[in-house]
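These notes are about the structure you will find just below.
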There are 2 protein chains.
Amino acid sequence: MSSLLATRKDSTTRDRLLDLAETAILQKSFAATSIEELVAGAEISRSGFFYHFKDKGQLAKALLLRYVERDRAILDDIFARGDALNDDPLHGFLVGLRLFAEMTASLPEAYPGCLVAAICYQEQLFDREIRAINRDAVLAWRTRFRARFDRIAALYPPRIEVDLDDLADMASAIVDGGITLSKTLREPLLLSRQVTLYRAFIRAVFLGG
Amino acid sequence: MSSLLATRKDSTTRDRLLDLAETAILQKSFAATSIEELVAGAEISRSGFFYHFKDKGQLAKALLLRYVERDRAILDDIFARGDALNDDPLHGFLVGLRLFAEMTASLPEAYPGCLVAAICYQEQLFDREIRAINRDAVLAWRTRFRARFDRIAALYPPRIEVDLDDLADMASAIVDGGITLSKTLREPLLLSRQVTLYRAFIRAVFLGG
DNA sequence: CGGCGACTGTACCGGAGGTACAGTGACCGG
DNA sequence: CCGGTCACTGTACCTCCGGTACAGTCGCCG
């Protein structure tokens with residue numbers, strides 16, 4: 001149960017493996033990341049890897065769960081701060097979007113990339129379980145944003161006819177697509193600008209041009 | 001030079017390999033597609049594959065070039081039809097977007113997926129040449145849409161303050177992101193709905209709510 | 001002192017990509 | 001008819017990687 005003193009270093013070996021794997025996978029894909037390089041980086045043996053994860057798929061699963069949870073925490077925090085600065089659900093959301101755009105802009109390199117998208121394109125490598133995690137994560141964002149838009153629409157009747165579920169999905173699409181473009185073009189700020197554009201659309205929908 | 005009679009079947013072996021590879025890669029990623037299954041599908045020997053492509057990377061390159069060109073042709077046709085139905089650059093574009101949304105909606109399964117995105121997340125597997133093709137393709141779309149928006153903005157001064165390059169990039173982001181979401185959620189119509197939302201945004205920018 | 005958690009080491013397997021190279025049959029120009 | 005080239009086939013071989021199977025080790029905890 002590890003508790004206070006880890007056998008090596010400060011973090012547990014398992015966590016170091018996950019960290020190394022995440023960095024490597026986002027840089028060069030899951031398939032191109034070998035177990036060999038991970039165990040070399042973590043300074044353990046190959047057997048050590050299979051002690052922690054029964055196969056590469058289990059590594060992917062653990063990684064995805066950690067990633068989804070971390071993303072959720074970050075965005076929860078951002079929108080909570082947006083709401084703290086503003087009572088109104090619309091303006092709180094708009095502030096949140098601006099904070100998010102600023103956050104993505106301040107990242108050193110391009111946004112680390114989105115594991116959800118990365119795994120979507122490599123999905124056949126994985127099992128049903130992993131695809132379900134991915135699906136649930138995306139649906140959770142739809143639900144969260146949809147609930148927000150319902151509250152907003154009650155106060156600000158939409159000026160443009162839109163489906164609120166689609167508007168919620170658009171946030172995910174813009175972020176995923178923005179990351180992809182950002183990486184492809186090697187333009188780190190592209191994602192931030194796309195988020196800002198999405199924000200302008202939300203404004204137009206509920207406040208008008 | 002093959003000319004009239006191919007040695008086997010009607011299409012050339014090389015084309016059959018590309019067709020098989022495209023289907024397989026979009027279904028289950030590049031890495032998970034083995035040369036073995038391609039040569040089995042094309043009914044040739046392993047040596048035959050390496051006769052046509054010196055390695056898997058050359059296959060990816062040929063595939064990407066073919067894909068990018070085909071996409072360009074399809075969208076050229078769609079926006080040409082939009083313009084044919086309407087003299088105005090804005091309304092021609094809006095018609096084109098509707099045609100595009102209809103096209104993606106009518107596809108049997110989800111949109112076949114976007115090789116550009118698929119390859120972006122597996123980029124380290126490939127060389128500079130392939131990344132350049134990808135980059136150029138995306139930049140070409142930015143340029144094309146940007147030129148269109150310049151023409152539109154001359155006639156319809158934007159009601160919402162937006163950068164026209166960003167607005168052009170948004171089309172690519174929405175399509176890439178929409179495909180990813182569509183695949184992840186297994187909702188074939190999601191992409192079409194996102195394109196329709198983008199169309200609503202374009203309307204709002206240039207015509208107002 | 002005994003057991004368990006966190007490993008290490010060794011050996012082995014199959015599949016995938018890739019190389020090397022010799023051979024073969026159809027067709028084509030001279 | 002002959003030689004060459006195109007489009008392959010077949011065989012052999014190599015490496016890397018994921019994965020399996022264990023047997024052994026070392027430190028800590030009850």
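Computed from a predicted model, the values in this text were never measured in an experiment.
Proximity of B/His52 to the phosphate of D/dA7: no side-chain N or O atom is located under 4.0 Å from OP1 or OP2. For the OP1/OP2 pair of C/dA6 and a distance below 4.0 Å, the side-chain nitrogens and oxygens of A/Tyr51 include at least one atom meeting the criterion.
Residues passing the side chain to side chain donor-acceptor pair (under 3.5 Å) test with A/Lys56: none are found, sequence neighbours excluded. Scanning for side chain to side chain donor-acceptor pair (under 3.5 Å) contacts around A/Asp166 gives B/Arg193, with sequence neighbours left out. With sequence neighbours excluded, the residues that form a side chain to side chain contact (heavy atoms under 4.5 Å, CB included) with B/Ala21 are B/Ile25, B/Leu38, B/Leu59, B/Leu63. Applying the side chain to side chain contact (heavy atoms under 4.5 Å, CB included) criterion to A/Leu85, with sequence neighbours excluded, gives A/Val95. The side chain to side chain contact (heavy atoms under 4.5 Å, CB included) test applied to B/Asp77 returns B/Arg81, not counting sequence neighbours. For A/Phe53, the ring pair (Phe, Tyr, Trp, His ring centres under 6.0 Å) partners two or more places apart in sequence, or in a different chain, are A/Phe49. Contacts of B/Asp165 classified as side chain to side chain contact (heavy atoms under 4.5 Å, CB included), with partners at least two apart in sequence or in another chain: B/Arg142, B/Arg146, B/Asp163.
Under the 3.5 Å distance criterion, the side-chain polar atoms of B/Asp127 are matched with a main-chain donor or acceptor of B/Ile130.
Shown for residues 58-66 of chain A: no residue has heavy atoms falling under 4.0 angstrom of DNA chain D.
Listed by first and then second residue, the ring pair (Phe, Tyr, Trp, His ring centres under 6.0 Å) pairs that reach into residues 169-201 of chain A are A/Phe201-B/Phe201, sequence neighbours excluded. Here side chain to side chain donor-acceptor pair (under 3.5 Å) pairs that include residues 45-54 of chain B, with residues two or more places apart or in two chains, number zero.
In this structure, CD of A/Glu43 is placed 12 Å from P of C/dC7, rounded to the nearest angstrom. Between the C1' atom of D/dC8 and the CG atom of B/Leu17 lies a distance of 12 Å, rounded to the nearest Å.
One axis for each end of the helix from C/dC1-D/dG30 to C/dG30-D/dC1, each built from five base pairs, and the angle between them comes to 0° at 10° resolution.
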Per-nt protein contacts along nucleotides 11-26 of chain D (heavy atom under 4.0 Å; B base, S backbone sugar-phosphate only, - none) come out as B------BBB------
